[in-house]
Amino acid sequence: MKAAVVVFPGSNCDADALICLRDRMGWDADYVWHGETELGSVDLVVLPGGFSYGDHLRCGAIARFAAIMPAVERFAEQGGLVVGICNGFQVLCEAGLLPGALTQNSGLKFISDTVTLRVESCRSPFTQGIESGRLLRIPIAHGDGRYVCDAETLERLESNGQIAFRYANALGELDDASNPNGSMSAIAGIVNERGNILGMMPHPERASSDLLGSSDGLAIFRSVESALVGTQ
């Protein structure tokens, strides 16, 4: 498996993603600078977390116009798998590759914590290897992670099974106390209609070893690997 980790000025989780893919998953992974115009031959593109271009204007608003983004969009249009994590999720929404937007946390504070996610849908390559309803312990670290969209979009996400993850409590139940940023419908991650683009605020690459407190994030990358092997 081969992956590209796109690096924007201000990315700070690019090394975490690369270590996860190379050392934990055993993939051939490398960085792609934002000024490049081609991705090369890869199986997965990762837009990592951080503060691309200093989060000026809005989170992800400038990165959306980076030279590499047309190549990311072409890759996705051809069915390639793309995952945006935290700031990467914001970039995907700004680019129109995923619906909705990420706004300031409801508590107006930056949150760094470990949360529980409930797997909502197994329809995409990112979750098809994980049983629906499974709980994952994965870190978050963001100030603008409150997912919002209009009512029509939310209905479409629900009916199409595009909500990949929701914030939940330790029993897998949804409640306000377990929704750290006030996201609409407790949404922590979504996929596009085709299912080949995932955006999520929590950081699976930081939950890739028991030494880090959790290895639950590997379930997502293993699902991707299984899906890719199945297509080869």
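Note that this is a predicted model, so its numbers are computed, not measured.
Residue pairs that meet the salt bridge (Lys or Arg N to Asp or Glu O under 4.0 Å) test with at least one member in residues 120-129, sequence neighbours left out, are Arg118-Glu120, Glu120-Arg166. For residues 192-206, the pairs satisfying salt bridge (Lys or Arg N to Asp or Glu O under 4.0 Å) are Asp16-Arg206, Arg156-Glu193, with sequence neighbours left out. For residues 216-229, there are no salt bridge (Lys or Arg N to Asp or Glu O under 4.0 Å) pairs, not counting sequence neighbours. For residues 56-67, every residue pair satisfying the side-chain hydrogen bond (donor to acceptor under 3.5 Å, both in side chains) rule, not counting sequence neighbours, is listed here: Arg58-Glu94. Legend: salt bridge (Lys or Arg N to Asp or Glu O under 4.0 Å) pairs involving residues 125-145, not counting sequence neighbours: none detected.
Closest non-hydrogen pair, Val91 versus Gly60, comes out as CG2-CA, 3.8 Å.
Counting non-hydrogen atoms of neighbouring residues, nucleotides and ligands closer than 6.0 angstrom, the CG atom of Asp176 reaches no more than 12 such neighbours.
The closest side-chain heavy-atom distance from Phe165 to Ile187 is not below 4.5 Å. At a threshold of 4.5 Å between non-hydrogen side-chain atoms, the residues Phe75 and Val82 count as touching. When side chains are defined from C-beta on, Tyr147 does not count as touching Met200, because their heavy atoms never get closer than 4.5 Å.
When hydrophobic residues (I, L, V, M, F, W, Y) are linked wherever their side-chain heavy atoms come within less than 4.5 Å, Leu171 remains an isolated member.
Residues that satisfy the side chain to side chain contact (heavy atoms under 4.5 Å, CB included) test with Pro125, not counting sequence neighbours, are Leu81, Ala227. In terms of the ring-ring contact (aromatic ring centres under 6.0 Å, His included) criterion, residue partners of Tyr53 (sequence neighbours excluded) are, by chain and number, His34. Residues that satisfy the salt bridge (charged side-chain N to carboxylate O under 4.0 Å, His left out) test with Asp30, not counting sequence neighbours, are Arg22. Partners of Asn179 according to the side chain to side chain contact (heavy atoms under 4.5 Å, CB included) rule, which considers only residues two or more places apart in sequence or in another chain, are Tyr167, Asn181, Ser183, Ala186. Judged as a side chain to side chain contact (heavy atoms under 4.5 Å, CB included), and not counting sequence neighbours, the contacts of Asp175 are Asn169, Ala177, Ser178. Annotation: salt bridge (charged side-chain N to carboxylate O under 4.0 Å, His left out) contacts of Glu36 (sequence neighbours excluded): none.
Under the 3.5 Å distance criterion, the side-chain polar atoms of Asn196 are matched with a main-chain donor or acceptor of Gly80. Not one N or O on the side chain of Ser215 forms a donor-acceptor pair closer than 3.5 Å with the backbone of Ser209. In this structure a side-chain-to-backbone donor-acceptor pair under 3.5 Å is present from Asp43 to Lys2. In terms of modelled atom types and a separation under 3.5 Å, the side chain of Thr127 and the main chain of Ser121 share a donor-acceptor contact. Distance alone, capped at 3.5 Å, places no donor-acceptor pair between the Ser11 side chain and the Gly50 backbone. Distance alone, capped at 3.5 Å, is enough to place a donor-acceptor pair between the Asn87 side chain and the Ser52 backbone.
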Test side chain to side chain contact (heavy atoms under 4.5 Å, CB included) on Trp27 and Val224 and set out the steps. CA-CA 12 Å; Trp27 288 28; Val224 169; 3.7 Å; yes

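Between the side chains of Ser185 and Glu158, a donor-acceptor pair is found at a separation under 3.5 Å. When only modelled atom types and interatomic distance are considered, Thr153 and Asp150 share a side-chain donor-acceptor pair under 3.5 Å.
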